[in-house]
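Only a predicted model underlies this, so the values are computations on that prediction, with no experimental measurement involved. Just so we're on the same page: letters track the sequence lines, and every chain starts at 1.
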Protein chains: 2
Amino acid sequence: MPDREAAQDQALKAAEELFYSRGIQAVGMDAVRNASGLSLKRLYQLFPSKEALVLEFLDRRDRRWRQALAHHVDARTTPEDQVVAVFEWLHTWFSEPGYRGCAFINSFGELGGISPEVAARARRHKQAFRDYLVALVTATGRPAALGDQLVLLAEGAITTAAITGTSQPATQARDAARLLMLAYSRDNGERPDVSQQTGE
Amino acid sequence: MPDREAAQDQALKAAEELFYSRGIQAVGMDAVRNASGLSLKRLYQLFPSKEALVLEFLDRRDRRWRQALAHHVDARTTPEDQVVAVFEWLHTWFSEPGYRGCAFINSFGELGGISPEVAARARRHKQAFRDYLVALVTATGRPAALGDQLVLLAEGAITTAAITGTSQPATQARDAARLLMLAYSRDNGERPDVSQQTGE
DNA sequence: TACAGTAGAGAACGATGGTTCTCCAGGCAA
DNA sequence: TTGCCTGGAGAACCATCGTTCTCTACTGTA
């Protein structure tokens, strides 16, 4: 029998391509079969159901995505640079052909309301990203609250880039991130005053 | 014959409830029939296909959403307050029971890859929101670039609130927005320096 | 050569979905 | 009253989907 692991890899590669580009419900197991070159029988030997394939697809994507991000960030030396590198990496991601947003946001929107498992994967993925970014931010000596704000910039850039079809949001988010880092830098005190300076 | 307009309203109300909470493909026309109290025959008299119903649902949601936002913002007097009011409105939106993110982001993720019409509605909706927010920002005397950054904060808050199930992202986004408005205020010059202050 | 086990190709099956059709009840003009 | 139109309820129809089954070909072994 051909290597089980290799076959799983083939299936998941095909599934990722299809699920990401067309959405999950729009892709039948027949399409996965054609794209992967595996037989339906083999597919169901490797994954007991489509749901299982979907969850594996998400897990695999989560791992790869975070690895790719960390790899890019690790190339930088200072903590500040590492934070900025997150947004630079977003830019290269957005520029990939076929970029269509975050697979977790997309599958949450599509299936989060009817599949608790899918919703949980999305939560886990976003939580991991948040923890990662907050760690980078606190390494610069700035508060976790800034990390949460940068998460919002990154998430906003991800969906805006997908819908508008440009990678510009990454640059805008990076610039905003730099301003916020400046606002939270020691020169301005650890806790910039956001209380009502605009009136009300 | 019962009022055509009233029947359409009934159908759209039911469709919105179902599509938003469960996703579009997961909701059959049978479910819309049951929820709306209309017969299938009547439904197909009012909308030639499910696709037409979906597009009408999106158009209607776009109108209502922007109206609700504008209504909240209009209650404020100063331009700065109006910008902040956007994020306060997000907070009340996120706090609604059954909040599950932006219907346009969700349907873009679900159908954007296979339905150009749905993708176009998402683009239009986001473009309108962007234009609105940029107009509010430029009314304060600040550059449009800040508006784009605030859009990212808002979009990020929308999806983060949906996936985490909290309304806290609205507050975080509002605080970040205040800091960015401060950074762009006349005291700091019209164009804050974001060039490489973090090195590299 | 005979045989057991595995895999591939694709038909088959049961469920569901979008869409249409049938049949019947009720209102209303002549 | 009679005939006609509209609408409701739901069956019917056809395609698709997830999943399983059948049949055949092949490989390795005694």
Side-chain angles (χ1 to χ4, degrees), chain A residues 1-58 106-107 109-111 113-118 121, chain B residues 1-58 106-107 109-111 113-118 121:
Chain A
M1 110 179 107
D3 200 347
R4 180 182 176 90
E5 211 166 323
Q8 273 186 335
D9 204 68
Q10 259 180 284
L12 285 169
K13 240 174 79 179
E16 173 155 4
E17 177 85 18
L18 291 166
F19 288 156
Y20 181 69
S21 63
R22 299 192 213 161
I24 291 172
Q25 312 207 66
V27 172
M29 291 297 274
D30 263 28
V32 176
R33 175 186 62 176
N34 291 337
S36 68
L38 298 166
S39 70
L40 272 183
K41 189 176 184 178
R42 192 97 170 93
L43 270 180
Y44 276 91
Q45 279 173 359
L46 299 168
F47 306 94
S49 67
K50 183 184 179 182
E51 165 115 18
L53 177 62
V54 169
L55 296 180
E56 260 300 302
F57 146 67
L58 290 174
N106 291 351
S107 46
E110 182 173 359
L111 299 168
I114 56 177
S115 165
E117 311 251 24
V118 168
R121 309 285 155 140
Chain B
M1 113 176 107
D3 199 347
R4 179 183 177 89
E5 211 166 324
Q8 273 185 336
D9 204 68
Q10 261 180 282
L12 286 168
K13 239 176 77 179
E16 173 156 4
E17 177 86 18
L18 291 167
F19 288 156
Y20 180 69
S21 64
R22 300 191 212 162
I24 292 173
Q25 312 208 62
V27 171
M29 291 297 273
D30 262 29
V32 176
R33 175 187 62 178
N34 291 336
S36 67
L38 298 166
S39 70
L40 273 182
K41 189 175 183 177
R42 193 96 168 94
L43 271 179
Y44 276 91
Q45 280 173 357
L46 300 168
F47 307 93
S49 66
K50 184 184 178 182
E51 165 115 18
L53 176 62
V54 169
L55 295 180
E56 260 301 302
F57 146 66
L58 290 175
N106 291 350
S107 46
E110 182 173 357
L111 299 168
I114 57 178
S115 166
E117 312 251 24
V118 168
R121 309 285 154 140

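Distance A:Leu40 CG to C:dG8 C1': 10 Å, rounded to the nearest Å. Rounded to an integer number of Å, the gap from CG of A:Asp30 to P of D:dC17 is 7 Å. Atom CZ of B:Arg33 and atom P of D:dG7 are 17 Å apart (whole Å). Here D:dA12 presents its C1' atom at 15 Å from NZ of B:Lys41, a figure rounded to the nearest Å. The nearest whole Å value for the distance from the CG atom in A:Asn34 to the C1' atom in D:dT16 is 14 Å.
Here the closest non-hydrogen pair linking B:Val27 and B:Ala31 is CG1-CB, 4.1 Å. Of all heavy-atom pairs between A:Tyr44 and A:Met29, the closest is OH-CG, 3.5 Å.
Legend: side chain to side chain donor-acceptor pair (under 3.5 Å) pairs involving residues 45-57 of chain A, not counting sequence neighbours, sorted by first then second residue: A:Arg42-A:Gln45.
Distance CG/A:Leu46 to CD/A:Gln8: 5.5 Å, rounded to 0.5 Å.
For the segment residues 16-29 of chain B, the set of residues with a heavy atom within less than 4.0 Å of an atom of DNA chain D is empty. Using a 4.0 Å cut-off on heavy atoms, the residues of residues 43-58 of chain A that approach DNA chain D are A:Tyr44, A:Ser49, A:Lys50, listed by number.
Side-chain atoms of B:Val32 and B:Leu40, non-hydrogen and from C-beta on, never get closer than 4.5 Å to each other. Residues B:Gln25 and B:Leu111 are in side-chain contact: their nearest non-hydrogen atoms beyond the backbone lie under 4.5 Å apart. Between A:Asn106 and A:Phe19 there is no side-chain heavy-atom pair separated by less than 4.5 Å.
Shown here is A:Glu17, whose CD atom has no more than 12 heavy atoms of other residues, nucleotides or ligands within 6.0 Å.
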